[in-house]
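These notes concern the structure reproduced below.
Just so we're on the same page: letters track the sequence lines, and every chain starts at 1.
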2 protein chains.
Amino acid sequence: MSTSAAAPTRREQILSEAARLFAERGFHGVGVDEIGAAVGISGPGLYRHFAGKDAMLAELLVGISERLLTGGRRRVEEADGDPAAVLASLIDGHIDFALDDRALITLHDRELDRLRDADRKLVRQLQRQYVELWVAVVRELHPGVGEAEVRVAVHAVFGLLNSTPHLGTPGREATESLLRRLAHGAFRALSA
Amino acid sequence: MSTSAAAPTRREQILSEAARLFAERGFHGVGVDEIGAAVGISGPGLYRHFAGKDAMLAELLVGISERLLTGGRRRVEEADGDPAAVLASLIDGHIDFALDDRALITLHDRELDRLRDADRKLVRQLQRQYVELWVAVVRELHPGVGEAEVRVAVHAVFGLLNSTPHLGTPGREATESLLRRLAHGAFRALSA
DNA sequence: CGCCTAGGTTAACGACCGCTAACGGCCCTG
DNA sequence: CAGGGCCGTTAGCGGTCGTTAACCTAGGCG
């Protein structure tokens, strides 16, 4: 394993707490003093680890987008040739991500506009590539449906899967299987 | 007609522009000067119409929640007795709302925590009642499914329908019918 | 031992922001 | 025509926030 670590480094602690706070109260609603306090240091001590508050948000959003895209690509390769299996795997992966990192999911489509231009463009590009993964496989499964409609449907299913932050989960397993069924049901209705 | 007006009053102008700006850059990311400039007056002139920035957000969120709930109740009454017709009507109504007032949909689940305690409780209560409308009718249609699961499904479909802000609509009619199909497909998969 | 680096601390600055104060013009009404 | 809301304006206050500066301490190492 390359990027996994047993004990989280200080940088990772900060990122994790910042993600939680940003998701709870919004980027502008959280002060650097609060982020520092959440990891036991106070205020400007954060600047030993990050260039600024913007840099934390940027690293979070770029990281999410990269992880989503990388995981998606791996799943497409693993189930190559069988579009139905690819789609099922993409759905499962997205559900895992949504349930494991609710805070990041929230940030992902909420605070994108707070980034500097370069970072925002990078994140947008990664997001777009991730969407293309889904669009390609869904188009294989529903050849009669136009590309624009498929794109809308993919975004809509993202909205469905990303709704997890709003609900008090009634058991991880049950939620997982329920979301899976709902997502498949939505796609199934595409060319009905 | 009681509340409709031909020419928008200044208050309504302000609310409309504030909604747009809040949705674009977040509540904390928009200054009162910007809101004023958007309606042609500048800065503190807003205080002739609202007690403060918080009051604008409060009125927006309470207004959305009330309109959603009122519209939902009306639809339940109109199609009384036929659960399938009620659900179809609720879905259509929610789609209309999502497509007509994207900015408000965005605010609705993004800036709730910026409200004063009393306002937040009111909005939460209205939201909960609206959800209950959906849960009741979906449970009638899927008697075998537990209440917690139905609630999750309803929230998930809200996420699906509210995904409209993210996409560049390819024609209002087409988007409307597409979202309708996806939502029905998701619910259909509930007890499969 | 002496020193450098890593990772903290507190103080303070400059910018911004929400809001109030004080003021003025327009228009309607008696 | 006098007066009073209504609806603006500008000036400025008080607080907060991101960031920098200056300083301190512990630990590894030649």
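Applying the ring-ring contact (aromatic ring centres under 6.0 Å, His included) rule to pairs touching residues 52-103 of chain B yields B/H94-B/Y130, B/H94-B/W134, B/H94-B/F158, sequence neighbours excluded. Under the ring-ring contact (aromatic ring centres under 6.0 Å, His included) criterion, the residue pairs touching residues 25-46 of chain B are B/F22-B/F27, with sequence neighbours excluded. Sorted by first then second residue, the salt bridge (charged side-chain N to carboxylate O under 4.0 Å, His left out) pairs that include residues 64-73 of chain B, not counting sequence neighbours, are B/R67-B/D101. Pairs passing the ring-ring contact (aromatic ring centres under 6.0 Å, His included) check and including a residue from residues 47-76 of chain B, sequence neighbours excluded, do not occur.
Among residues two or more places apart in sequence or in another chain, the side chain to side chain donor-acceptor pair (under 3.5 Å) test is passed with A/H184 by none. For B/S89, the side chain to side chain donor-acceptor pair (under 3.5 Å) partners are B/R75, not counting sequence neighbours. A/S177 meets the side-chain contact (heavy atoms from CB on, under 4.5 Å) test with A/R180, A/R181; sequence neighbours excluded. Shown here are the side chain to side chain donor-acceptor pair (under 3.5 Å) partners of B/D119, two or more places apart in sequence or in another chain: B/R116. For A/S191, the side-chain contact (heavy atoms from CB on, under 4.5 Å) partners at least two apart in sequence or on another chain are A/H142, A/V145.
The nucleotide range of DNA chain C contacted by chain B, defined by atoms under 4.0 angstrom from heavy atoms of the protein and reported 5' to 3', is C/dG18 to C/dC23.
Evaluated for a side chain to side chain contact (heavy atoms under 4.5 Å, CB included) with B/L99, the options B/T175, B/L161, B/I105 yield exactly one hit, B/T175.
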* Annotated protein contacts, base or backbone, on nucleotides 15-29 of chain D with a non-hydrogen cut-off under 4.0 Å, one of B, S, - each -> ---SBB-BB------

Just the table, please: protein N/O against nucleotides 3-6 of chain D N/O, every pair under 3.5 Å.
none

